[in-house]
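A short write-up of the structure that comes next.
Note that ligands are numbered from 1 as they come in the structure, with each ligand's atoms numbered from 1 the same way. We use all heavy atoms of the structure for the numbers below, so side chains are in, but hydrogens, waters and symmetry mates are not. The structure displayed is predicted, hence computed values, not measured ones.
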Amino acid sequence: MNLERGDVLRVVVVGGGMGGAELVRNAATREGLELVVVEPKEMIECQALYPDYLGGRVGVDDVVAPLDPFCRKMNAVHVRDRAIGVDLVEKRVLCAKNDLDFDLLVLAPGAVQNYFGIEGEEKAFSINTLEETVRARRFVEEARPEKIAIIGSGPTGIETACLLAEGGSFKIYIVEMMNRPLPTLSKNASILMEKILAGKGVDLLTSKRVESIRDGGVTFADGSRLDADMTIWTAGVRPAPLAEVLDLPKKNGWLLSDRYLRAAGREEVFVIGDCAWIEIDGKLATKTGMEAEIQAKHTARNLARVRRGTALKPYSIRASTDSPVALISTGCGCAVGIYGDLCVPIPKRIIYTFKSWIDKSVVRRFKVE
Ligand SMILES: Cc1cc2nc3c(=O)[nH]c(=O)nc-3n(C[C@H](O)[C@H](O)[C@H](O)COP(=O)(O)OP(=O)(O)OC[C@H]3O[C@@H](n4cnc5c(N)ncnc54)[C@H](O)[C@@H]3O)c2cc1C
């Protein structure tokens, strides 16, 4: 890119979620970058607090920050539109309403719930977006389900079960396809979580593959059934639909990055957060807010390097799938801290308070008083 002193590079950021907003916050102080965020929502949403919201521990205000005032404060422009494609030759983001030209593009459209094509997915509740989580909480409050089935025993499924168990007199079941809860974390974490769930009266059903969701419960691949008044699906995500239409290299549908977090083979396009497949030196980045945040900070610095005409710095993954970091709320003010094989069960408020502080401070940093 041939740049003159004083030239301003127009950076279009697709997605104003955790990754996109954090990128704007960090790129705003860099010289020579004009920032434009394309995001159809009015709010920056913090998914990490959705289980707390569902369990009635926090309100909507705690989980969102308005995007317009934040962008204004950062000297960025929020375009309330949805990207539907990218013309890489003309360097233009194609949007539902008005297209946008860019010099540099950051793709951060995140991920959406994956139901893996099972029958009856529309009968399930999801807590992947605020809208869906609000719908789920309303159902809990108004329909007062007696039996709740939570599909998926990853950190989100576990937190949802524990926080619901704390706040109501429901019979809660967690269904897991693998043979242990928290299957992507260490065996120590699974053993500890089995004990915690049993202590809360949550029934854990492992090695059970859901085949369909019906009114009144789920049916498993082995022909057995589980009756439930509400089914909450937490079992997996897939790339945001935008990724499908982009003519960029992918791995299993995720946008493939190089070691500088650029879309593989493209100098002017960066990919960060949940939409990206980031594999560097044999490590694969986890799809977590923590990773999205660090990737955003790194990319902001690399955008400034492009502007200055200096060499980009490679990214180093912090939370990888082989050494995951997780803080899982287990209700009643307790939480479990997991770092690789290490698993710290502190049945006191310390870890929960720490997690809650981190999650709320993420939202607060985007709020403009
Ligand atoms: C219930 C739940 C709990 C979680 N808890 C934790 C936790 O405790 N700790 C943790 O580290 N992580 C947690 N995560 C994961 C974390 O929230 C994500 O990893 C993080 O939000 C990813 O950031 P992102 O910017 O890639 O995507 P998102 O934050 O999802 O943002 C993507 C944005 O892109 C927008 N978008 C999508 N398509 C388009 C388009 N075509 N055009 C324009 N905009 C578009 C979306 O509207 C959205 O605002 C949790 C996730 C869930 C669902």
The side chain to side chain contact (heavy atoms under 4.5 Å, CB included) partner of Leu107 among Ile272, Leu246, Val93 is Leu246
Nearest non-hydrogen contact to atom 1 (C) of ligand 1 from the set Leu54, Ile272, Thr156, Val14 belongs to Thr156
Of Gln47, Lys41, Glu291, Glu39, the residue with the heavy atom nearest atom 51 (C) of ligand 1 is Gln47
Among non-hydrogen protein atoms, atom 11 (O) of ligand 1 lies closest to Gly289 N, 2.9 Å
Notebook entry, point to check: Regarding Lys123 and the six-membered ring of Trp233, is the cationic atom NZ or CZ under 6.0 Å from the ring centre and inside 45° of its axis?
Noted result: no
One finds that the ligand 1 atoms under 4.0 Å from a non-hydrogen atom of Gly110 are 26 (O), 27 (O), 32 (C)
Within 4.0 Å of some non-hydrogen atom of Gly273, the atoms of ligand 1 are 26 (O)
- prompt: Is Arg92 salt-bridged to Asp99, going by a charged N under 4.0 Å from an acidic O?
  reply: no
Nearest non-hydrogen protein atom to atom 41 (N) of ligand 1, with distance, is Ala83 O, 2.9 Å
So the salt bridge (charged side-chain N to carboxylate O under 4.0 Å, His left out) pairs with at least one residue in residues 12-27 (sequence neighbours excluded) are Glu22-Arg25, Glu22-Lys297, Glu22-Arg365
Margin query: Tell me if the centroids of the rings in Phe125 and Phe139 come within less than 6.0 Å of each other.
Written below: yes
min-distance protein heavy atom vs atom 45 (C) of ligand 1 -> Pro40 CD, 4.0 Å
protein heavy-atom neighbour closest to atom 5 (N) of ligand 1 works out as Ala48 CA, 3.2 Å
The closest protein heavy-atom partner of atom 23 (O) of ligand 1 is Met18 CB, 3.5 Å
Nearest heavy-atom contact between Ala165 and Val202 is CB-CG2, 4.2 Å
Within 4.0 Å of some non-hydrogen atom of Met290, the atoms of ligand 1 are 11 (O)
Next on the checklist: Taking the side chain as everything from C-beta on, heavy atoms only, tell me whether Trp277 gets closer than 4.5 Å to Leu255.
Outcome noted: no
Looking only at protein heavy atoms, what sits closest to atom 37 (C) of ligand 1 is Pro109 O, 3.1 Å
Candidates Ala108, Gly15, Ala292, Gly19; heavy atom nearest atom 32 (C) of ligand 1 found on Ala108
- May I ask you to test the Val306-Asn302 pair for a side-chain heavy-atom distance under 4.5 Å? no
Quick note on ligand 1: atoms under 4.0 Å from a heavy atom of Asn128 include exactly 53 (C)
Nearest heavy-atom approach of Asp229 to Glu146 is OD2-N, 2.8 Å
for atom 26 (O) of ligand 1, nearest protein heavy atom and its distance come out as Asp274 N, 2.8 Å
Of all heavy-atom pairs linking Gln113 and Ile127, the shortest is OE1-N, 4.3 Å
The closest protein heavy-atom partner of atom 8 (O) of ligand 1 is Lys355 NZ, 2.9 Å
